[in-house]
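What follows is a set of notes on a single structure, which appears directly below.
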Amino acid sequence: MAMLSIDKLEVYYGAINAIKGISFDVEQGEIIALIGANGAGKTTILHTITGLVGAKHGSIMFGGKDLTKTPAHKIVSMGMAHVPEGRRVFSQLTVYENLMLGAYTRKDKAEIQESLENVFKRFPRLEERRNQSAGTLSGGEQQMLAMGRALMSKPSIILMDEPSMGLSPLYVSEIFDIIQEINKSGTTVLLVEQNAKKALSIANRAYVLETGKIVLSGDAKDLMNDDSVKKAYLGE
Amino acid sequence: MMSFVSYLVNGISLGSIYALIALGYTMVYGIAKMLNFAHGDIIMVGGFTVFTAMSTAWCPVWLSVVIGIVVCTVLGVVIEKVAYKPLRNAPPLAVLITAIGVSYLLQNLALLIFGSAARNFTSVAAGAPPFLTVFDDGRAPQFFTAVPADAAKPILTISMETFLSITVSVVIMIALTLFINKTKAGKAMLAVSEDKGAAQLMGINVNGTISLTFAIGSALAAVASVLMCSSYPQISPYTGSMPGIKAFVAAVFGGIGSIPGAMIGGILLGVIEQLSKAYISSQLSDAIVFLVLIIVLVVRPTGILGKKINEKV
(Lines give C-alpha, C1' and ligand atoms only; values in the text may rest on other atoms or scores of the structure.)
Protein backbone atom coordinates (compact mmCIF):
# COMPACT_ATOMS: atom_id res chain seq x y z
CA MET A 1 0.00 0.00 0.00
CA ALA A 2 1.11 3.49 -0.77
CA MET A 3 2.43 5.63 2.06
CA LEU A 4 0.20 8.55 1.14
CA SER A 5 -2.86 7.96 -0.98
CA ILE A 6 -5.07 10.72 -2.29
CA ASP A 7 -8.39 9.69 -3.77
CA LYS A 8 -10.87 11.81 -5.77
CA LEU A 9 -9.99 14.92 -3.80
CA GLU A 10 -12.16 18.00 -4.36
CA VAL A 11 -11.53 21.36 -2.74
CA TYR A 12 -13.56 24.55 -2.97
CA TYR A 13 -12.77 28.13 -2.02
CA GLY A 14 -16.31 29.40 -1.57
CA ALA A 15 -17.95 28.66 -4.91
CA ILE A 16 -14.67 28.21 -6.74
CA ASN A 17 -13.71 24.64 -7.45
CA ALA A 18 -9.94 24.72 -6.93
CA ILE A 19 -9.23 20.98 -6.99
CA LYS A 20 -11.43 18.93 -9.27
CA GLY A 21 -11.16 15.33 -8.26
CA ILE A 22 -7.49 14.48 -8.00
CA SER A 23 -6.07 11.06 -7.16
CA PHE A 24 -2.43 10.14 -6.72
CA ASP A 25 -0.13 8.00 -4.58
CA VAL A 26 3.21 8.58 -2.92
CA GLU A 27 5.29 5.48 -2.19
CA GLN A 28 7.76 5.25 0.67
CA GLY A 29 11.21 6.56 -0.19
CA GLU A 30 10.17 8.43 -3.32
CA ILE A 31 10.56 12.01 -4.37
CA ILE A 32 7.29 12.99 -6.03
CA ALA A 33 7.02 16.29 -7.86
CA LEU A 34 3.82 18.19 -8.51
CA ILE A 35 4.43 20.67 -11.28
CA GLY A 36 2.21 23.15 -13.00
CA ALA A 37 1.60 26.82 -13.60
CA ASN A 38 0.50 29.41 -11.08
CA GLY A 39 -3.04 28.71 -9.88
CA ALA A 40 -3.02 25.08 -10.96
CA GLY A 41 -3.78 24.04 -7.36
CA LYS A 42 -0.41 22.71 -6.22
CA THR A 43 -0.29 24.65 -2.96
CA THR A 44 -3.97 23.94 -2.28
CA ILE A 45 -3.26 20.21 -2.47
CA LEU A 46 -0.49 20.48 0.12
CA HIS A 47 -2.65 22.69 2.36
CA THR A 48 -5.47 20.16 2.15
CA ILE A 49 -3.14 17.28 3.03
CA THR A 50 -1.94 18.98 6.21
CA GLY A 51 -5.38 20.26 7.14
CA LEU A 52 -4.96 24.01 6.64
CA VAL A 53 -7.75 23.84 4.05
CA GLY A 54 -10.79 21.58 4.27
CA ALA A 55 -11.72 19.11 1.54
CA LYS A 56 -15.22 18.87 0.14
CA HIS A 57 -14.99 15.32 -1.21
CA GLY A 58 -12.46 12.55 -1.37
CA SER A 59 -9.95 11.12 1.04
CA ILE A 60 -6.30 11.49 1.95
CA MET A 61 -5.06 8.28 3.55
CA PHE A 62 -1.87 8.40 5.59
CA GLY A 63 -0.74 6.09 8.39
CA GLY A 64 -4.12 4.33 8.36
CA LYS A 65 -6.06 7.57 8.90
CA ASP A 66 -8.04 9.89 6.66
CA LEU A 67 -6.31 13.25 7.01
CA THR A 68 -9.38 15.13 5.76
CA LYS A 69 -10.98 14.13 9.08
CA THR A 70 -7.92 14.80 11.26
CA PRO A 71 -7.34 18.18 12.96
CA ALA A 72 -4.37 20.01 11.47
CA HIS A 73 -2.34 20.06 14.68
CA LYS A 74 -2.53 16.27 15.07
CA ILE A 75 -0.94 15.54 11.68
CA VAL A 76 2.69 16.42 12.54
CA SER A 77 2.95 13.78 15.22
CA MET A 78 1.81 11.18 12.65
CA GLY A 79 5.11 11.76 10.86
CA MET A 80 4.25 14.37 8.26
CA ALA A 81 5.97 17.74 8.05
CA HIS A 82 5.11 20.62 5.75
CA VAL A 83 7.53 23.34 4.60
CA PRO A 84 5.03 25.99 3.54
CA GLU A 85 5.25 28.31 0.57
CA GLY A 86 6.95 31.56 1.45
CA ARG A 87 8.80 29.75 4.27
CA ARG A 88 6.64 31.26 7.04
CA VAL A 89 9.33 31.14 9.72
CA PHE A 90 8.42 32.88 12.99
CA SER A 91 10.33 36.09 12.31
CA GLN A 92 10.11 37.47 15.87
CA LEU A 93 11.61 34.31 17.34
CA THR A 94 15.23 33.21 17.16
CA VAL A 95 16.54 30.49 14.87
CA TYR A 96 16.84 28.18 17.87
CA GLU A 97 13.28 28.91 19.04
CA ASN A 98 11.96 28.24 15.53
CA LEU A 99 13.71 24.89 15.44
CA MET A 100 12.41 23.93 18.86
CA LEU A 101 8.86 24.75 17.75
CA GLY A 102 9.45 22.21 14.99
CA ALA A 103 9.86 19.62 17.73
CA TYR A 104 6.76 20.91 19.55
CA THR A 105 4.95 17.55 19.60
CA ARG A 106 7.99 15.52 20.69
CA LYS A 107 8.70 14.72 24.31
CA ASP A 108 12.10 13.01 24.58
CA LYS A 109 14.66 15.75 25.29
CA ALA A 110 17.68 13.65 24.31
CA GLU A 111 16.16 12.73 20.95
CA ILE A 112 15.22 16.35 20.28
CA GLN A 113 18.81 17.35 21.03
CA GLU A 114 20.01 14.71 18.58
CA SER A 115 17.71 16.04 15.86
CA LEU A 116 18.93 19.56 16.57
CA GLU A 117 22.53 18.46 16.10
CA ASN A 118 21.60 16.74 12.85
CA VAL A 119 19.90 19.87 11.58
CA PHE A 120 22.93 21.97 12.51
CA LYS A 121 25.16 19.44 10.74
CA ARG A 122 23.07 19.71 7.60
CA PHE A 123 22.71 23.51 7.84
CA PRO A 124 25.87 24.87 9.53
CA ARG A 125 24.71 28.41 8.81
CA LEU A 126 21.74 27.95 11.12
CA GLU A 127 24.08 27.08 13.96
CA GLU A 128 26.09 30.24 13.33
CA ARG A 129 22.89 32.27 13.50
CA ARG A 130 21.28 30.28 16.26
CA ASN A 131 20.41 33.27 18.49
CA GLN A 132 19.53 35.67 15.70
CA SER A 133 15.86 36.42 15.15
CA ALA A 134 14.59 34.60 12.07
CA GLY A 135 13.33 37.78 10.43
CA THR A 136 16.91 38.98 9.98
CA LEU A 137 17.97 35.96 7.89
CA SER A 138 18.33 36.08 4.12
CA GLY A 139 15.74 34.34 1.96
CA GLY A 140 17.93 31.29 1.42
CA GLU A 141 18.72 31.04 5.12
CA GLN A 142 15.02 31.30 5.95
CA GLN A 143 14.35 28.46 3.52
CA MET A 144 16.98 26.39 5.31
CA LEU A 145 15.39 27.28 8.63
CA ALA A 146 11.94 26.26 7.38
CA MET A 147 13.38 22.94 6.22
CA GLY A 148 15.32 22.46 9.44
CA ARG A 149 12.21 23.26 11.44
CA ALA A 150 10.27 20.60 9.51
CA LEU A 151 13.06 18.04 10.06
CA MET A 152 12.89 18.68 13.81
CA SER A 153 9.62 16.74 13.91
CA LYS A 154 11.51 13.67 12.57
CA PRO A 155 9.04 13.19 9.73
CA SER A 156 8.67 10.09 7.58
CA ILE A 157 7.33 12.29 4.79
CA ILE A 158 8.01 15.95 4.15
CA LEU A 159 5.92 18.20 1.93
CA MET A 160 7.81 21.09 0.37
CA ASP A 161 6.07 23.99 -1.27
CA GLU A 162 8.13 26.04 -3.75
CA PRO A 163 11.42 25.74 -1.86
CA SER A 164 13.29 27.56 -4.63
CA MET A 165 10.94 30.53 -4.83
CA GLY A 166 12.70 33.87 -4.74
CA LEU A 167 16.17 32.42 -4.22
CA SER A 168 19.34 33.17 -6.13
CA PRO A 169 20.47 30.41 -8.57
CA LEU A 170 23.30 29.48 -6.21
CA TYR A 171 20.88 28.84 -3.34
CA VAL A 172 18.47 27.00 -5.65
CA SER A 173 21.09 24.35 -6.44
CA GLU A 174 22.04 24.09 -2.79
CA ILE A 175 18.41 23.65 -1.71
CA PHE A 176 17.83 20.93 -4.31
CA ASP A 177 20.99 19.13 -3.20
CA ILE A 178 19.69 19.22 0.35
CA ILE A 179 16.29 17.86 -0.69
CA GLN A 180 18.06 14.91 -2.30
CA GLU A 181 20.15 14.35 0.83
CA ILE A 182 17.05 14.44 3.03
CA ASN A 183 15.46 11.86 0.76
CA LYS A 184 18.56 9.64 0.81
CA SER A 185 18.51 9.61 4.60
CA GLY A 186 15.11 7.92 4.41
CA THR A 187 12.49 10.67 4.25
CA THR A 188 9.87 10.58 1.51
CA VAL A 189 9.45 13.92 -0.26
CA LEU A 190 6.40 15.45 -1.93
CA LEU A 191 7.68 18.47 -3.80
CA VAL A 192 5.67 21.30 -5.33
CA GLU A 193 7.67 23.44 -7.72
CA GLN A 194 7.35 25.98 -10.48
CA ASN A 195 10.94 25.29 -11.36
CA ALA A 196 9.89 22.18 -13.28
CA LYS A 197 13.32 21.44 -14.71
CA LYS A 198 14.98 21.24 -11.31
CA ALA A 199 12.07 19.37 -9.79
CA LEU A 200 12.01 16.73 -12.53
CA SER A 201 15.76 16.34 -12.32
CA ILE A 202 15.59 15.05 -8.75
CA ALA A 203 12.13 13.41 -8.68
CA ASN A 204 11.31 9.74 -9.24
CA ARG A 205 7.82 10.42 -10.50
CA ALA A 206 5.83 13.53 -11.23
CA TYR A 207 2.28 14.74 -11.76
CA VAL A 208 1.46 17.69 -14.00
CA LEU A 209 -1.43 19.86 -12.82
CA GLU A 210 -3.59 22.20 -14.83
CA THR A 211 -6.45 24.19 -13.25
CA GLY A 212 -7.17 21.67 -10.54
CA LYS A 213 -6.75 18.48 -12.55
CA ILE A 214 -3.90 16.07 -13.19
CA VAL A 215 -3.28 16.14 -16.94
CA LEU A 216 -0.15 14.04 -17.09
CA SER A 217 1.84 11.72 -14.86
CA GLY A 218 4.70 9.34 -15.07
CA ASP A 219 8.41 8.84 -14.47
CA ALA A 220 10.18 12.15 -14.07
CA LYS A 221 12.69 11.22 -16.80
CA ASP A 222 9.94 10.43 -19.30
CA LEU A 223 8.12 13.65 -18.51
CA MET A 224 11.34 15.58 -19.04
CA ASN A 225 11.42 14.26 -22.61
CA ASP A 226 7.71 14.69 -23.20
CA ASP A 227 7.09 17.28 -25.90
CA SER A 228 4.08 18.94 -24.30
CA VAL A 229 5.89 19.23 -20.95
CA LYS A 230 8.97 20.58 -22.65
CA LYS A 231 6.94 23.21 -24.38
CA ALA A 232 4.74 24.26 -21.48
CA TYR A 233 7.04 23.98 -18.48
CA LEU A 234 10.64 23.60 -19.50
CA GLY A 235 10.74 26.45 -21.97
CA GLU A 236 12.29 24.43 -24.74
CA MET B 1 8.01 66.91 48.02
CA MET B 2 6.35 64.23 50.11
CA SER B 3 2.99 64.92 48.50
CA PHE B 4 4.60 64.46 45.09
CA VAL B 5 5.98 61.07 46.20
CA SER B 6 2.55 60.16 47.45
CA TYR B 7 0.88 61.08 44.13
CA LEU B 8 3.56 59.26 42.21
CA VAL B 9 3.21 56.08 44.26
CA ASN B 10 -0.57 56.20 43.96
CA GLY B 11 -0.16 56.70 40.23
CA ILE B 12 2.12 53.69 39.94
CA SER B 13 -0.34 51.67 41.98
CA LEU B 14 -3.31 52.65 39.82
CA GLY B 15 -1.14 52.17 36.76
CA SER B 16 -0.19 48.62 37.75
CA ILE B 17 -3.90 47.80 37.93
CA TYR B 18 -4.38 49.29 34.45
CA ALA B 19 -1.37 47.28 33.29
CA LEU B 20 -2.89 44.00 34.52
CA ILE B 21 -6.08 44.75 32.61
CA ALA B 22 -4.18 45.99 29.56
CA LEU B 23 -2.25 42.71 29.46
CA GLY B 24 -5.52 40.88 28.86
CA TYR B 25 -6.43 43.24 26.02
CA THR B 26 -3.04 43.06 24.38
CA MET B 27 -2.59 39.28 24.67
CA VAL B 28 -6.02 38.58 23.21
CA TYR B 29 -5.37 41.09 20.44
CA GLY B 30 -1.99 39.53 19.71
CA ILE B 31 -3.39 36.00 19.43
CA ALA B 32 -6.96 36.37 18.20
CA LYS B 33 -6.49 39.74 16.42
CA MET B 34 -9.64 41.04 18.06
CA LEU B 35 -10.47 43.78 20.57
CA ASN B 36 -12.31 42.11 23.39
CA PHE B 37 -14.42 45.00 24.64
CA ALA B 38 -16.08 42.71 27.16
CA HIS B 39 -12.75 42.51 28.99
CA GLY B 40 -13.62 45.47 31.25
CA ASP B 41 -16.80 43.78 32.34
CA ILE B 42 -14.91 40.68 33.39
CA ILE B 43 -13.37 42.98 36.01
CA MET B 44 -16.86 43.88 37.22
CA VAL B 45 -17.88 40.21 37.38
CA GLY B 46 -14.70 39.47 39.33
CA GLY B 47 -15.44 42.29 41.74
CA PHE B 48 -19.02 41.14 42.36
CA THR B 49 -17.95 37.53 42.78
CA VAL B 50 -15.38 38.43 45.41
CA PHE B 51 -17.88 40.86 47.01
CA THR B 52 -20.53 38.15 47.25
CA ALA B 53 -18.13 35.52 48.50
CA MET B 54 -16.71 37.81 51.18
CA SER B 55 -20.16 38.84 52.39
CA THR B 56 -20.94 35.24 53.29
CA ALA B 57 -19.72 34.60 56.79
CA TRP B 58 -17.78 31.42 56.21
CA CYS B 59 -15.63 32.49 53.26
CA PRO B 60 -12.18 33.83 54.17
CA VAL B 61 -10.63 36.59 52.08
CA TRP B 62 -8.10 34.38 50.31
CA LEU B 63 -10.77 31.89 49.28
CA SER B 64 -13.00 34.70 48.00
CA VAL B 65 -10.16 35.91 45.81
CA VAL B 66 -9.52 32.39 44.50
CA ILE B 67 -13.23 31.96 43.72
CA GLY B 68 -13.18 35.31 41.88
CA ILE B 69 -10.20 34.23 39.78
CA VAL B 70 -11.75 30.85 38.95
CA VAL B 71 -15.11 32.36 37.99
CA CYS B 72 -13.48 34.97 35.72
CA THR B 73 -11.18 32.41 34.09
CA VAL B 74 -14.07 30.10 33.28
CA LEU B 75 -16.23 33.02 32.12
CA GLY B 76 -13.49 34.28 29.79
CA VAL B 77 -13.02 30.85 28.19
CA VAL B 78 -16.79 30.31 27.86
CA ILE B 79 -17.29 33.74 26.25
CA GLU B 80 -14.57 32.93 23.73
CA LYS B 81 -16.07 29.53 22.91
CA VAL B 82 -19.67 30.70 22.65
CA ALA B 83 -19.38 34.20 21.22
CA TYR B 84 -16.05 34.60 19.40
CA LYS B 85 -15.00 31.15 18.17
CA PRO B 86 -17.90 30.79 15.71
CA LEU B 87 -16.73 34.10 14.20
CA ARG B 88 -13.09 33.05 13.73
CA ASN B 89 -13.32 33.67 9.99
CA ALA B 90 -15.88 36.47 10.08
CA PRO B 91 -14.99 40.09 9.25
CA PRO B 92 -13.37 41.94 12.20
CA LEU B 93 -16.34 44.29 12.51
CA ALA B 94 -18.71 41.39 13.30
CA VAL B 95 -16.38 40.25 16.09
CA LEU B 96 -16.08 43.78 17.47
CA ILE B 97 -19.86 44.22 17.58
CA THR B 98 -20.22 40.84 19.27
CA ALA B 99 -17.68 41.89 21.91
CA ILE B 100 -19.65 45.07 22.60
CA GLY B 101 -22.80 42.93 22.81
CA VAL B 102 -21.18 40.61 25.34
CA SER B 103 -20.11 43.66 27.34
CA TYR B 104 -23.71 44.93 27.56
CA LEU B 105 -24.96 41.43 28.33
CA LEU B 106 -22.65 41.15 31.35
CA GLN B 107 -23.52 44.67 32.57
CA ASN B 108 -27.24 44.01 32.32
CA LEU B 109 -26.99 40.64 34.01
CA ALA B 110 -25.21 42.37 36.88
CA LEU B 111 -27.92 45.07 36.94
CA LEU B 112 -30.55 42.35 37.16
CA ILE B 113 -28.83 40.54 40.00
CA PHE B 114 -27.28 43.36 42.03
CA GLY B 115 -29.23 46.47 41.01
CA SER B 116 -27.73 49.73 39.84
CA ALA B 117 -26.70 51.19 43.20
CA ALA B 118 -23.02 51.06 44.03
CA ARG B 119 -22.14 48.77 46.93
CA ASN B 120 -19.36 49.25 49.41
CA PHE B 121 -16.59 46.79 48.80
CA THR B 122 -14.63 45.70 51.84
CA SER B 123 -10.93 45.97 51.07
CA VAL B 124 -9.08 42.67 51.13
CA ALA B 125 -6.54 44.50 53.32
CA ALA B 126 -9.20 45.97 55.63
CA GLY B 127 -7.83 46.54 59.10
CA ALA B 128 -4.22 46.12 58.02
CA PRO B 129 -1.80 48.89 59.06
CA PRO B 130 -0.39 51.14 56.32
CA PHE B 131 2.63 49.83 54.46
CA LEU B 132 4.71 52.95 55.18
CA THR B 133 4.20 55.99 57.37
CA VAL B 134 6.64 58.94 57.46
CA PHE B 135 6.50 61.60 60.18
CA ASP B 136 8.21 64.98 60.29
CA ASP B 137 8.94 64.94 64.02
CA GLY B 138 12.19 63.03 63.77
CA ARG B 139 10.71 59.56 64.14
CA ALA B 140 12.00 56.82 61.87
CA PRO B 141 9.64 55.85 59.03
CA GLN B 142 7.36 53.05 60.11
CA PHE B 143 6.68 49.96 58.01
CA PHE B 144 3.59 47.79 58.57
CA THR B 145 2.69 49.52 61.85
CA ALA B 146 -0.47 51.27 62.89
CA VAL B 147 -0.05 55.00 63.47
CA PRO B 148 0.25 55.55 67.25
CA ALA B 149 -2.48 57.72 68.75
CA ASP B 150 -0.03 60.31 70.11
CA ALA B 151 1.81 60.85 66.82
CA ALA B 152 1.58 64.04 64.84
CA LYS B 153 -0.12 63.81 61.46
CA PRO B 154 2.14 61.79 59.14
CA ILE B 155 3.49 63.60 56.09
CA LEU B 156 3.39 60.50 53.90
CA THR B 157 1.23 57.40 54.16
CA ILE B 158 1.33 54.57 51.67
CA SER B 159 -1.60 52.29 52.28
CA MET B 160 -1.47 48.53 52.35
CA GLU B 161 -3.75 48.48 49.26
CA THR B 162 -1.29 50.61 47.31
CA PHE B 163 1.59 48.42 48.36
CA LEU B 164 -0.36 45.25 47.47
CA SER B 165 -1.37 46.57 44.07
CA ILE B 166 2.19 47.34 43.08
CA THR B 167 3.73 44.17 44.54
CA VAL B 168 1.13 41.79 43.19
CA SER B 169 1.23 43.39 39.74
CA VAL B 170 5.02 43.30 39.56
CA VAL B 171 5.11 39.64 40.61
CA ILE B 172 2.43 38.76 38.04
CA MET B 173 4.21 40.66 35.27
CA ILE B 174 7.50 38.89 35.98
CA ALA B 175 5.76 35.52 36.12
CA LEU B 176 3.90 36.20 32.88
CA THR B 177 7.07 37.29 31.09
CA LEU B 178 8.84 34.12 32.22
CA PHE B 179 5.86 32.00 31.21
CA ILE B 180 5.72 33.47 27.70
CA ASN B 181 9.44 33.32 27.02
CA LYS B 182 10.50 30.17 28.84
CA THR B 183 7.68 27.63 28.57
CA LYS B 184 6.48 25.60 25.64
CA ALA B 185 2.92 26.91 25.98
CA GLY B 186 4.26 30.47 26.02
CA LYS B 187 6.30 29.88 22.86
CA ALA B 188 3.20 28.38 21.27
CA MET B 189 1.35 31.61 22.07
CA LEU B 190 4.06 33.67 20.38
CA ALA B 191 3.96 31.36 17.35
CA VAL B 192 0.16 31.53 17.07
CA SER B 193 0.20 35.32 17.37
CA GLU B 194 2.62 35.53 14.46
CA ASP B 195 1.22 32.91 12.06
CA LYS B 196 -1.71 30.63 12.94
CA GLY B 197 -1.26 28.38 9.91
CA ALA B 198 2.45 27.84 10.43
CA ALA B 199 1.78 27.23 14.14
CA GLN B 200 -0.67 24.46 13.21
CA LEU B 201 1.98 22.91 10.99
CA MET B 202 4.19 22.69 14.10
CA GLY B 203 1.44 20.69 15.81
CA ILE B 204 0.25 23.57 17.97
CA ASN B 205 -3.44 23.42 18.86
CA VAL B 206 -4.49 26.94 17.85
CA ASN B 207 -7.94 26.80 19.45
CA GLY B 208 -6.42 25.52 22.68
CA THR B 209 -3.86 28.31 22.64
CA ILE B 210 -6.56 30.94 22.11
CA SER B 211 -8.54 29.49 25.03
CA LEU B 212 -5.44 29.59 27.20
CA THR B 213 -4.92 33.25 26.30
CA PHE B 214 -8.49 34.15 27.25
CA ALA B 215 -8.07 32.18 30.49
CA ILE B 216 -4.90 34.05 31.45
CA GLY B 217 -6.30 37.44 30.45
CA SER B 218 -9.47 36.88 32.46
CA ALA B 219 -7.58 35.63 35.50
CA LEU B 220 -5.47 38.80 35.40
CA ALA B 221 -8.67 40.85 35.15
CA ALA B 222 -9.96 39.10 38.28
CA VAL B 223 -6.79 39.98 40.18
CA ALA B 224 -7.06 43.56 38.92
CA SER B 225 -10.67 43.73 40.10
CA VAL B 226 -9.70 42.74 43.63
CA LEU B 227 -6.88 45.28 43.75
CA MET B 228 -9.01 48.03 42.23
CA CYS B 229 -12.09 47.45 44.39
CA SER B 230 -9.85 47.37 47.46
CA SER B 231 -8.16 50.67 46.60
CA TYR B 232 -11.39 52.38 45.49
CA PRO B 233 -13.83 50.44 47.65
CA GLN B 234 -17.01 50.51 45.62
CA ILE B 235 -18.62 48.20 43.11
CA SER B 236 -21.48 48.61 40.64
CA PRO B 237 -22.44 47.04 37.31
CA TYR B 238 -20.53 49.84 35.57
CA THR B 239 -17.35 49.47 37.61
CA GLY B 240 -15.54 47.74 34.78
CA SER B 241 -16.27 50.06 31.90
CA MET B 242 -14.02 53.06 32.65
CA PRO B 243 -10.99 51.00 33.80
CA GLY B 244 -11.63 48.79 30.77
CA ILE B 245 -11.42 51.76 28.41
CA LYS B 246 -8.40 53.17 30.24
CA ALA B 247 -6.65 49.83 30.03
CA PHE B 248 -7.45 49.65 26.34
CA VAL B 249 -5.88 53.10 25.98
CA ALA B 250 -2.89 51.84 27.95
CA ALA B 251 -2.53 48.86 25.62
CA VAL B 252 -2.68 51.09 22.53
CA PHE B 253 -0.35 53.56 24.22
CA GLY B 254 2.26 50.87 24.81
CA GLY B 255 1.72 49.28 21.40
CA ILE B 256 -1.18 46.84 21.07
CA GLY B 257 0.01 43.26 20.90
CA SER B 258 3.15 44.00 22.92
CA ILE B 259 3.26 42.57 26.44
CA PRO B 260 5.98 44.87 27.85
CA GLY B 261 4.16 47.69 26.03
CA ALA B 262 0.97 47.02 28.01
CA MET B 263 2.95 47.08 31.26
CA ILE B 264 4.69 50.35 30.48
CA GLY B 265 1.54 51.88 28.97
CA GLY B 266 -0.54 50.98 32.01
CA ILE B 267 1.88 52.38 34.55
CA LEU B 268 2.49 55.58 32.57
CA LEU B 269 -1.24 56.09 32.21
CA GLY B 270 -1.82 55.70 35.95
CA VAL B 271 0.97 58.14 36.79
CA ILE B 272 -0.23 60.72 34.25
CA GLU B 273 -3.78 60.41 35.56
CA GLN B 274 -2.82 60.84 39.21
CA LEU B 275 -0.39 63.70 38.61
CA SER B 276 -2.88 65.60 36.48
CA LYS B 277 -5.51 65.05 39.15
CA ALA B 278 -3.14 66.46 41.73
CA TYR B 279 -1.58 69.37 39.87
CA ILE B 280 -3.90 70.32 37.01
CA SER B 281 -7.51 69.45 37.56
CA SER B 282 -9.30 66.41 38.86
CA GLN B 283 -12.14 66.99 36.41
CA LEU B 284 -9.84 67.21 33.44
CA SER B 285 -7.61 64.26 34.33
CA ASP B 286 -9.37 61.83 31.99
CA ALA B 287 -9.31 64.36 29.17
CA ILE B 288 -5.57 64.82 29.73
CA VAL B 289 -5.03 61.05 29.62
CA PHE B 290 -6.75 60.80 26.25
CA LEU B 291 -4.95 63.90 24.99
CA VAL B 292 -1.60 62.29 25.79
CA LEU B 293 -2.76 59.17 23.94
CA ILE B 294 -3.59 61.24 20.87
CA ILE B 295 -0.21 62.96 20.96
CA VAL B 296 1.63 59.64 21.33
CA LEU B 297 -0.28 58.13 18.45
CA VAL B 298 0.43 61.13 16.22
CA VAL B 299 4.15 60.83 16.93
CA ARG B 300 4.31 57.04 17.06
CA PRO B 301 1.27 55.44 15.43
CA THR B 302 2.23 51.97 16.64
CA GLY B 303 2.52 53.03 20.30
CA ILE B 304 5.61 53.15 22.47
CA LEU B 305 6.79 49.57 21.91
CA GLY B 306 4.61 48.73 18.94
CA LYS B 307 6.23 46.65 16.26
CA LYS B 308 6.75 48.06 12.88
CA ILE B 309 4.88 45.82 10.52
CA ASN B 310 7.32 44.54 7.96
CA GLU B 311 5.35 42.64 5.42
CA LYS B 312 7.63 40.85 3.04
CA VAL B 313 6.16 40.24 -0.34
Side-chain angles (χ1 to χ4, degrees), chain A residues 14 43 46-47 49-54 70-94 96-107 109 112 133-139 142 145-146 149-150 152-155 158-159 161 165-166, chain B residues 26-27 29-31 33 81 85-86 88-91 177-213 254-262 302-303 305-313:
Chain A
T43 296
L46 294 197
H47 279 188
I49 295 175
T50 45
L52 295 183
V53 174
T70 310
H73 67 271
K74 297 238 165 93
I75 292 175
V76 198
S77 47
M78 295 171 63
M80 177 182 282
H82 182 163
V83 184
E85 182 180 8
R87 308 177 266 273
R88 291 170 78 170
V89 295
F90 300 108
S91 60
Q92 315 281 344
L93 302 180
T94 65
Y96 174 75
E97 288 170 327
N98 268 277
L99 291 174
M100 291 317 273
L101 277 170
Y104 183 80
T105 55
R106 296 172 64 188
K107 299 273 180 299
K109 288 227 165 70
I112 294 174
S133 71
T136 63
L137 301 182
S138 76
Q142 287 191 8
L145 178 56
R149 187 178 66 177
M152 286 298 289
S153 68
K154 227 178 170 184
I158 189 162
L159 318 184
D161 198 347
M165 192 172 70
Chain B
T26 224
M27 285 169 72
Y29 180 83
I31 300 260
K33 300 286 177 280
K81 283 261 179 305
K85 195 180 167 198
R88 202 57 56 74
N89 298 315
T177 308
L178 289 177
F179 171 77
I180 302 263
N181 291 307
K182 299 286 171 207
T183 67
K184 222 169 152 175
K187 288 278 163 60
M189 287 170 94
L190 291 176
V192 172
S193 78
E194 197 175 326
D195 187 336
K196 283 197 189 64
Q200 275 182 315
L201 294 181
M202 303 299 109
I204 295 167
N205 181 345
V206 168
N207 284 330
T209 307
I210 292 178
S211 292
L212 177 67
T213 310
I256 189 116
S258 157
I259 286 172
T302 52
L305 292 185
K307 291 163 202 141
K308 264 199 306 188
I309 299 160
N310 281 328
E311 298 239 326
K312 273 200 178 172
V313 186

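Reminder, nothing fancy here: chain letters follow the sequence lines and each chain counts from 1.
- Put simply, NE2 on A:His82 and CE on B:Met202 are 9.5 Å apart, with the number rounded to the nearest 0.5 Å.
- Under the side chain to side chain donor-acceptor pair (under 3.5 Å) criterion, A:Asp161 pairs with A:Thr43, sequence neighbours left out.
- Neither the backbone nor the side chain of A:Val83 comes within less than 4.5 Å of any heavy atom in chain B.
- Note that CG of A:Leu52 is 12.5 Å distant from NZ of B:Lys196, once rounded to the nearest 0.5 Å.
- Side-chain N or O atoms of B:Glu194 include one that pairs as donor or acceptor with a backbone N or O of A:Gln92 at under 3.5 Å.
- Between atom NZ of residue B:Lys184 and atom NZ of residue A:Lys107 there is a gap of 5.0 Å, rounded to the nearest 0.5 Å.
- Atom CG in B:Asn205 sits 8.0 Å away from atom OH in A:Tyr104 (nearest 0.5 Å).
- Within the 4.5 angstrom heavy-atom criterion, no atom of A:Ile75 approaches chain B.
- Closest non-hydrogen pair, A:Phe90 versus B:Asp195, comes out as CE2-O, 3.9 Å.
- With values rounded to the nearest 0.5 angstrom, B:Asn207 atom CG is found 8.0 Å from A:His73 atom NE2.
- Contact annotation for A:Arg87: neither backbone nor side-chain heavy atoms come within less than 4.5 Å of a heavy atom of chain B.
- Heavy atoms only, all atoms of each residue included: A:Leu101 and B:Ala191 are closest at CD1-CB, 3.7 Å.
- Other residues, nucleotides and ligands contribute at most 12 non-hydrogen atoms within 6.0 Å of the NZ atom of B:Lys85.
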